[in-house]
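Remarks on the structure that follows.
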Amino acid sequence: MVNGCCWRHEETIVEQRELEQWFFRITNYADELLRDLEKLDGWPEKVRTMQRNWIDRSDGALVDFAVVPKDEDRRGPRYSPVILNLTETMLEPSPDEQKIAVFTTRIDTIFGATSLQLAPEHPLVAQFSEEHPDLKKKVRELLEEQKVAKEKGDLAILAKEGVATGRFATNPFTQEAIPIWVANYVLMDYGTGAVMSVPAHDERDFEFAKKFNLELKIVILPRRSNEGDQDNAEPLLPYTQEDSLLINSGPYTGLGCEEAQTQMVAFAEKQGFGKASTTFRLKDWGVSRQRYWGTPIPMIYCDKDGLVPVPEDQLPVLLPDSIAITQEGGSPLSRVPEFAQVKCPKCGGMARRETDTMDTFVDSSWYFYRYTDPKNTRAPFDTDTVAYWFPIDQYIGGVEHAILHLIYSRFWTKMMRDLGLVKNAEPVERLFTQGMVIKNGAKMSKSKGNVVSPDDMIASYGADATRMYALFAAPPDRDLDWQEDGVAGISRFLSRVYRFAMQAMPRVIAGRSQSLPPTLNPLERQLMRKLHQTLRRLTQEFDGRWHFNTCIAAIMELVNELTADEKTIASGGVADSVLYAITRNLVLMLQAFAPYLSAELWQQMAEDTPLLRAAWPTFDEALAAEHVLEVPVQINGKLRTVVSVPAGSDGELLRATAEHDPKIQAALAGKEIVKVVLLPGKLVNFVVR
RNA sequence: GCCCGGAUGGCGAAAUCGGCAGACGCAGCGGACUUAAAAUCCGCAGGGAGCAAUCCCAUGGGGGUUCAAGUCCCCCUCCGGGCACCA
């Protein structure tokens with residue numbers, strides 16, 4: 001939607017209509033969806049936080065406020081109706097006892113409640129305003145404001161407006177009658193659509209009360225932090241800290257907030273006007289869509305039998321093939337009689353099929369289960385087959401799915417588990433969210449169209465270079481600002497690998513049948529060390545962070561060493577068997593990044609096993625180990641030189657070597673050594689005065 | 001407003017546990033090869049001072065902890081993302 005119009009048809013105004021819709025009761029799973037996030041330690045913390053905020057559990061209480069019957073005008077002198085000119089005719093007798101349930105997380109502040117605020121859509125509002133056109137008109141305005149702001153997404157900055165209904169309700173704790181208002185900041189779809197307003201201790205109520213001159217009652221005070229502090233220093237209002245003490249609260253005065261909450265809920269429960277309650281921000285999942293492309297909702301409306309589910313042996317309901325897509329609006333399926341008209345499965349009489357289709361998020365919630373058993377014609381999948389494969393070890397997707405898709409599919413899994421269809425409680429063990437590709441500030445996505453196309457790059461440099469370049473540009477969990485510069489370097493690198501390997505090829509092939517020399521010459525040892533360091537690096541990275549950019553850098557370092565000694569290698573400075581080991585492993589490592597080149601080289605090497613079946617090479621810690629270590633030497637934490645010591649030598653040797661270094665001797669001359677930080681193999685730091 | 005990320009050379013980035021900041025590339029500069037160019041190869045390359053050895057400064061800004069901070073702690077700025085009168 002753009003400016004209240006369709007984003008594709010800028011002249012088409014988007015309007016809201018009341019529709020009867022199908023919902024999935026995901027709220028039944030809200031608590032479990034929230035709790036199980038704790039177990040998903042293979043998921044990024046970011047995603048778990050986003051889901052937590054989306055579900056947003058609030059623990060509080062429901063409290064009933066009894067509506068004062070119309071004829072009992074118990075308005076005290078403090079309360080005067082605002083805005084409305086109340087007339088005598090409004091005070092007519094009304095026999096029915098009515099209650100307004102309120103959800104609050106701060107029942108401890110209830111002695112400070114000075115009004116009730118209802119959402120404009122609250123059912124009682126319609127009743128209260130029935131015979132009062134002025135009130136009715138004002139409520140309509142409030143509702144309209146709220147709706148517009150909601151659509152624009154700036155509800156939070158909507159100026160608070162409201163109107164008194166002229167009616168009152170009794171605070172069950174104080175027995176005081178407080179006025180009932182309608183306010184545009186109260187939402188019908190959260191909690192009960194009614195709140196108790198405690199202006200002294202709630203930001204929003206405070207703002208509203210200031211604007212309409214409603215009474216403020218302070219009922220909590222900060223705890224004294226020091227003995228000498230004044231006891232009831234008045235806090236800056238609104239004061240919302242929960243680590244506080246109650247005042248002006250009858251029998252609860254003097255209690256801490258938390259203790260008061262417990263006791264007050266217990267009292268409300270005992271008296272039957274309230275109870276502990278938990279509310280979630282998560283709403284039920286509306287799945288009805290009035291469009292053709294979607295899974296039909298398998299329900300049938302029969303005049304005699306009412307709502308009848310399509311029997312299992314008639315599932316799935318298939319979409320009709322012949323359909324005319326008109327511009328008429330409404331569900332196109334409802335205009336296909338052979339689809340919409342159906343016999344009632346119960347009585348066999350004429351009935352009407354539901355023509356709404358389901359949200360496509362429904363499909364994406366479980367498609368991966370079908371993958372485990374794609375040829376099953378009796379059921380979507382077999383439970384035991386799914387049990388073998390699930391949960392998914394590793395799932396990769398964009399952060400943009402952190403909330404909707406990934407909550408829906410978690411819900412779907414739990415729902416199927418409760419139906420006995422699957423045995424796992426969570427669909428995905430480990431989740432990896434790759435960053436987005438950004439081009440000049442615009443993000444790439446399906447809905448916005450692909451801003452960047454790799455086609456040109458593939459045409460000029462090939463698929464290997466393009467793929468490898470994308471992996472080299474940044475680690476995959478980070479957003480990537482797409483630039484074309486740099487792919488040339490990758491292309492050059494791949495050419496270098498090819499040239500080197502092809503030149504070495506005859507000897508590589510010869511080396512396969514030879515065993516490694518019993519002792520390696522210095523160059524052989526150096527190259528084998530680099531090879532095994534590279535293998536170690538990649539093995540660890542594949543198993544851990546997936547920072548493929550550094551993997552590629554490591555392979556480049558290896559190749560740089562190889563090509564630096566290319567001439568020596570070519571003239572036989574390295575045994576054929578060593579050359580074979582290096583080339584073979586190089587190709588195996590490169591396979592992940594440049595599969596086509598690797599396949600080509602593998603074929604040239606005439607290996608027996610297909611490349612894709614070849615095992616990932618193991619690295620040899622002993623071969624990877626450095627024998628001489630370069631250790632930095634600092635004076636007062638500043639680098640002064642680097643000394644070489646044999647690997648495994650102790651701190652004393654390191655210290656002696658460092659002290660004998662001419663630069664260090666010069667720097668230490670005439671100074672007093674206060675302390676020496678010695679980390680064998682790592683660092684020396686002389687602290688001097 | 002709240003909750004997450006992020007900020008490092010001209011550019012993409014690296015530094016995985018507090019221990020040599022800038023690996024590996026791109027772009028650039030100098031050289032070799034060439035009639036010439038392309039390709040390739042060799043070298044230089046954070047900033048500043050100095051003939052030089054060398055020294056100083058430097059990871060968005062300010063403070064702190066530490067022998068030692070891109071990394072830990074506190075405050076702030078900017079950028080990106082998510083949520084937002086949620087009672």
Side-chain angles (χ1 to χ4, degrees), chain A residues 44-54 56 58 60 102-106 109 117 119 146 149-150 153-160 183-187 189-198 202-205 207-208 279-283 399-400 402-403 435-436 438 441 443 469 472-475 477-490 492-493 495-496 499 537 540-541 544-545 547 549-557 559-560 563-564 566 630-642 663 666 674-679 682-688:
Chain A
E45 195 48 50
K46 178 192 168 83
V47 173
R48 292 201 277 173
T49 309
M50 282 165 75
Q51 294 209 354
R52 248 177 237 124
N53 293 341
W54 187 259
D56 192 26
S58 288
V102 155
F103 175 74
T104 177
T105 54
R106 293 303 300 273
T109 63
Q117 305 289 342
Q146 198 182 60
K150 237 178 183 171
D154 52 11
L155 200 58
I157 54 164
L158 176 65
K160 291 189 177 36
N184 64 356
Y185 70 93
V186 181
L187 308 168
D189 56 6
Y190 185 81
T192 60
V195 298
M196 64 177 203
S197 172
V198 185
D202 181 281
E203 301 274 354
R204 300 149 299 182
D205 297 342
E207 195 187 326
F208 190 84
T279 298
F280 295 92
R281 202 197 75 106
L282 181 74
K283 308 248 177 353
V399 234
E400 64 270 26
I403 297 182
M436 288 176 292
I438 310 225
K443 70 178 168 188
Y469 171 63
F472 183 61
D477 48 341
R478 196 194 284 208
D479 284 351
L480 173 67
D481 194 357
W482 188 255
Q483 294 178 324
E484 312 263 312
D485 320 339
V487 65
I490 297 289
R492 277 198 288 269
F493 167 75
S495 306
R496 228 143 44 94
R499 208 173 45 238
R537 183 93 176 263
Q540 287 167 355
E541 204 61 67
R545 302 184 307 171
H547 281 196
N549 55 334
T550 59
C551 291
I552 292 169
I555 298 174
M556 284 174 168
E557 285 184 45
V559 172
N560 285 348
T563 50
E566 203 166 1
E630 305 264 285
V631 179
V633 182
Q634 301 178 334
I635 289 174
N636 287 343
K638 284 190 177 170
L639 181 75
R640 281 298 172 261
T641 191
V642 175
K663 281 182 196 159
V674 183
K675 186 178 173 182
V676 181
V677 181
L678 265 181
L679 291 169
K682 277 243 168 120
L683 171 114
V684 191
N685 185 15
F686 295 101
V687 185
V688 299

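Just so it is clear, the values below take in all heavy atoms, side chains as well, and ignore hydrogens, waters and symmetry mates.
- Taking only side-chain nitrogens and oxygens, A:Arg281 comes nearer than 4.0 Å to OP1 or OP2 of B:A84.
- A glycosidic torsion no more than 90° from 0 defines the syn conformation; B:C79 lies beyond that range and is anti.
- At a threshold of 4.0 angstrom between heavy atoms, the contacts of A:Thr279 with the nucleic acid are absent.
- A:Asp189 has a carboxylate O that lies under 4.0 Å from a charged side-chain N of A:Lys150, or vice versa, which qualifies the two as a salt bridge.
- Within 4.0 Å of A:Val186, counting heavy atoms only, lies at least one base atom of the nucleic acid.
- Here the C1' atom of nucleotide B:C67 and the NZ atom of A:Lys675 are 5 Å apart, to the nearest Å.
- Comparing B:C20, B:A87, B:G12 against the side chain of A:Val642 picks out B:C20 as the nearest.
- Looking at heavy-atom distances under 4.0 Å, A:Val687 makes contact with sugar-phosphate atoms alone, never a base.
- B:U34: no Watson-Crick or G-U partner with both key distances under 3.5 Å is found in any strand.
- Pair assignment for B:U16 gives none, since no Watson-Crick or G-U wobble pairing has each distance under 3.5 Å.
- Taking atom CG on A:Asp205 and atom P on B:C85, their separation rounds to 15 Å, with Å as the unit.
- Comparing A:Ala473 and A:Lys682 by the nucleotide of RNA chain B that holds the closest heavy atom to each, the one mapping nearer the 5' end is A:Ala473.
- Under 3.5 Å, the side chain of A:Asn685 and the base of B:C67 form at least one donor-acceptor pair of N or O atoms.
- The number of heavy-atom neighbours closer than 6.0 Å to NZ of A:Lys682, taken from other residues, nucleotides and ligands shown, is 12 or below.
- Look at B:C2: its Watson-Crick or wobble partner, with both distances under 3.5 angstrom, is B:G82.
- Between B:C78 and B:U65, the two C1' atoms lie 27 Å apart (nearest whole Å).
- For A:Arg537, the side-chain atoms get nearest to B:U16 when compared with the rest of B:A13, B:U16, B:A87.
- One interatomic measurement links the two molecules: CG of A:Leu679 to C1' of B:G18, which rounds to 10 Å at whole-angstrom precision.
- The side chain of A:Thr550 contributes no N or O atom lying less than 4.0 Å from OP1 or OP2 of B:A13.
- A:Glu207 comes within 4.0 angstrom of nothing in the nucleic acid, heavy atoms only.
- Taking the centre and axis of the six-membered ring of A:Tyr185, the NZ or CZ atom of A:Lys160 falls inside the cone set by 45° and 6.0 Å.
- The phosphate of B:U54 has OP1 or OP2 within less than 4.0 Å of a side-chain N or O from A:Lys663.
- Using N1 to N3 plus N6-O4 or O6-N4 for Watson-Crick, or N1-O2 and O6-N3 for G-U wobble, each under 3.5 Å, B:U59 pairs with nothing.
- Using a 4.0 Å heavy-atom criterion, one finds that A:Ile552 contacts no nucleic acid atom at all.
- With a cut-off of 3.5 Å on both pairing distances, B:A87 has no Watson-Crick or G-U wobble partner at all.
- Between A:Lys283 and A:Val487, the residue anchored nearer the 5' end of RNA chain B, judged by the nucleotide with its closest heavy atom, is A:Val487.
- Partner assigned to B:C51 is none, using Watson-Crick or G-U wobble distances below 3.5 angstrom.
- Atom OH of A:Tyr190 is separated from atom P of B:A84 by 12 Å (rounded to the nearest Å).
- Nucleotide B:A13 holds its C1' atom 12 Å from the CD1 atom of A:Ile490, rounded to whole Å.
- Of the candidate nucleotides B:C55, B:G82, B:A14, B:C55 has the atom lying nearest to any side-chain atom of A:Arg640.
- Judged by distance alone, with hydrogens and angles left aside, the side-chain atoms of A:Gln117 form no donor-acceptor pair with the main-chain N or O of A:Val195 at under 3.5 Å.
- One can find a donor-acceptor pair under 3.5 Å joining the base of B:G19 and the side-chain atoms of A:Gln634.
- Spacing between atom CD of A:Glu400 and atom P of B:G80 amounts to 18 Å, rounded to whole angstrom units.
- A salt bridge does not link A:Glu207 to A:Arg204: none of the charged nitrogens lies less than 4.0 Å from a carboxylate oxygen.
- In this structure, A:Arg492 reaches the B:A27 phosphate: one of its side-chain N or O atoms is under 4.0 Å from OP1 or OP2.
- Under 4.0 angstrom from either OP1 or OP2 of B:A15 there lies at least one side-chain N or O belonging to A:Arg545.
- Pairing partner, B:U8: none, since no Watson-Crick or wobble contact has both distances short of 3.5 Å.
- Applying the 4.0 Å criterion to OP1 and OP2 of B:C57, one finds that A:Lys638 has a side-chain N or O inside that range.
- In terms of phosphate contacts, A:Asn560 brings a side-chain nitrogen or oxygen within less than 4.0 Å of OP1 or OP2 of B:G25.
- Distances shorter than 4.0 Å separate some side-chain N or O of A:Arg499 from OP1 or OP2 on B:C41.
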(Q) What verdict does the side-chain contact (heavy atoms from CB on, under 4.5 Å) test give for A:Glu484 and A:Tyr469, after you've listed the backbone C-alpha separation in whole Å, the side-chain angles of each residue and the deciding distance to 0.1 Å? (A) CA-CA 9 Å; A:Glu484 312 263 312; A:Tyr469 171 63; over 6 Å; no
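- Here the rule is side-chain contact (heavy atoms from CB on, under 4.5 Å) with A:Val684, and of A:Leu679, A:Leu678, A:Val677 only A:Leu678 fits it.
- As rounded to whole Å, 12 Å separates atom P of B:C17 from atom CD of A:Gln540.
- Using a 4.0 Å heavy-atom distance criterion, A:Arg496 is classed as a sugar-phosphate-only contact.
- Between B:G80, B:A14, B:C67, one nucleotide has an atom nearer to the side chain of A:Pro475 than all others, and that is B:A14.
- As the counterpart of B:G28, B:C44 is assigned, both hydrogen-bonding distances of the Watson-Crick or G-U wobble pattern falling under 3.5 Å.
- Contact annotation for A:Glu541: base contact, defined as any heavy-atom pair under 4.0 Å involving a base atom.
- Base orientation at B:G61 is anti, since its O4'-C1' glycosidic dihedral falls outside 90° of 0.
- A:Gly489 comes within 4.0 angstrom of sugar-phosphate atoms only, judged by non-hydrogen atoms across all strands, and of no base.
- Across all strands shown, A:Ala119 has no heavy atoms under 4.0 Å from either base or sugar-phosphate atoms.
- Look at A:Arg478 and you'll find a side-chain N or O under 4.0 angstrom from OP1 or OP2 of B:A14.
- Regarding contacts with the backbone of B:C85, every side-chain N or O of A:Asn184 stays at 4.0 angstrom or more from both OP1 and OP2.
- A:Ile490 has its side chain within reach of A:Met556: a pair of non-hydrogen atoms, C-beta onward, lies under 4.5 Å apart.
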Q: Would you please test A:Arg281 and A:Asn53 for side-chain hydrogen bond (donor to acceptor under 3.5 Å, both in side chains) and show each step?
A: CA-CA 8 Å; A:Arg281 202 197 75 106; A:Asn53 293 341; over 6 Å; no
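- The residue A:Arg48 sits apart from the nucleic acid: no heavy atom pair falls under 4.0 Å.
- Protein atom CG of A:Leu639 is 16 Å distant from nucleotide atom P of B:A58, rounded to whole Å.
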